[in-house]
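A quick write-up on the structure given underneath.
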Amino acid sequence: MVLLAKGNTQVLQNSFENTVTGFGPIGLAFYQGLWSYDGWNNLNSVTEELKNPQVNLPRAVMIAIPLVTFIYILVNVSYFAALNPTELLSSDAVAVSWGVKVLGTWTWLISLGVAFSTCGSANGVFFSGGRVCYVAAREGHLPDILSMVHVNRLTPSPALIFTSFISLIMIIPSDFSSIINFFSFTVWLYYGVNIAGFLYVKIKKPDIPRPYKVPIIIPIIVLIASVYLVVAPIIFSPQLGYLYVILFILSGTILYIPVVHYKWSPKVFRSLTLHLQLLLEVAPADKEQ
């Protein structure tokens, strides 16, 4: 705001000059941008932990998402006000470059802020992701050991350990852009299927109780956005990795059909579950927990 008030607005003129446009490139650009906002849905996964979720969940969403969006937009405007396009494109860490130019010797505040943000994000994803595994196992879609909680601390420690293990596997490629693109492709495919199911139930079963209500136009818009974000990169920027992602998702049916659908449970599964129970000091939890 100070820089703009001093008249440093030249970098905001023709800011998108020479930008690549098109149906496909914009979709990939959205992957990078929406990654920053990912986490907006974490609270949905822990509604059992909320007090009066019918009131507090919509309230949290309506307060947090506009607030974060407003702050993010201001941050990006600040980058453009302080740095020219060449500095933006050549920087490995734009926030640090901004700090060097604007804050001087106080640049360390940027690193501190990034550390706080990273820990906060990891904590939220860890909490909600572990809860997803815990509930999925409780409903019979994952191994029973993941539905158990620590006998003293009452935390779903097996689900948290499993979430951490999967996270470590995902970062093995160490190519951050590829991780974002393939993760975003997967998650928006997941969002689209969920929203489509929601609309189907809305039409086929209009009388069932609905503790959370939103205007029907919102899920329709999200469904259209999901279809676009899944289809656009495949058509206009095809990569073999997208095929691998789809095959990996479909490979889950190899275990789902015998183990979940037909309830196949060999003795080795039960023996392994008992040994892990003793090792992790966990026990089955009531569904209300």
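What you see below is based on every heavy atom in this structure, not just the backbone, and it leaves out hydrogens, waters and symmetry mates.
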- Item | Pairing residues for Ser157 by the side chain to side chain donor-acceptor pair (under 3.5 Å) criterion, not counting sequence neighbours | none

- Message: Are there over 12 heavy-atom neighbours, none belonging to Tyr37, within less than 6.0 Å of that residue's OH?
- Response: yes

- Task: Identify, with sequence neighbours excluded, every residue that meets side chain to side chain donor-acceptor pair (under 3.5 Å) alongside Ser78.
- Result: Trp98

- Query: What residue pairs, at least two apart or across chains, pass side chain to side chain donor-acceptor pair (under 3.5 Å) with a residue in residues 59-76?
  - Reply: none

- Could you list who else is in Leu240's hydrophobic cluster, with ILVMFWY side chains joined at under 4.5 Å, directly or through other members? Leu243, Tyr244, Leu247

- Under the 4.5 Å side-chain heavy-atom rule for ILVMFWY, direct or indirect, which residues accompany Phe126? Leu160

- With sequence neighbours left out, what residues match Leu109 under side-chain contact (heavy atoms from CB on, under 4.5 Å)? Trp106

- Message: Test: salt bridge (charged side-chain N to carboxylate O under 4.0 Å, His left out). Region: residues 237-248. Which pairs qualify, not counting sequence neighbours?
- Response: none

- Query: In Å and rounded to the nearest 0.5 Å, what is the CG to CG distance from Leu43 to Asn56?
  - Reply: 9.0 Å

- Message: What's the separation between atom OG1 in Thr163 and atom CD1 in Ile166, rounded to the nearest 0.5 Å?
- Response: 8.0 Å

- Message: With heavy-atom distances below 4.5 Å as the criterion, would you say the side chains of Tyr228 and Ile26 are in contact?
- Response: yes

- Quick one: which residue pairs count as a salt bridge (charged side-chain N to carboxylate O under 4.0 Å, His left out) with a foot in residues 186-200, not counting sequence neighbours? none

- Kindly compute the distance separating CG (Leu276) from CD1 (Ile145), expressed to the nearest 0.5 Å. 5.0 Å

- Can you list every salt bridge (charged side-chain N to carboxylate O under 4.0 Å, His left out) pair that touches residues 71-99, not counting sequence neighbours? Glu87-Lys101

- Task: Supply the members, apart from Ile171, of the Ile/Leu/Val/Met/Phe/Trp/Tyr cluster built from side-chain contacts under 4.5 Å; use none for a lone residue.
- Result: Leu168

- Message: Filter on salt bridge (charged side-chain N to carboxylate O under 4.0 Å, His left out), then keep only pairs touching residues 156-169, sequence neighbours left out; what's left?
- Response: none

- OH/Tyr79: more than 12 non-hydrogen atoms of other groups inside 6.0 Å: yes

- Euclidean distance, Leu272 CG relative to Gln277 CD, rounded to 0.5 Å: 10.5 Å

- Contacts of Tyr242 that satisfy ring-ring contact (aromatic ring centres under 6.0 Å, His included) - sequence neighbours left out: Phe182, Phe185

- Got a second to check how far Cys133's SG is from Ile161's CD1, nearest 0.5 Å? 12.0 Å

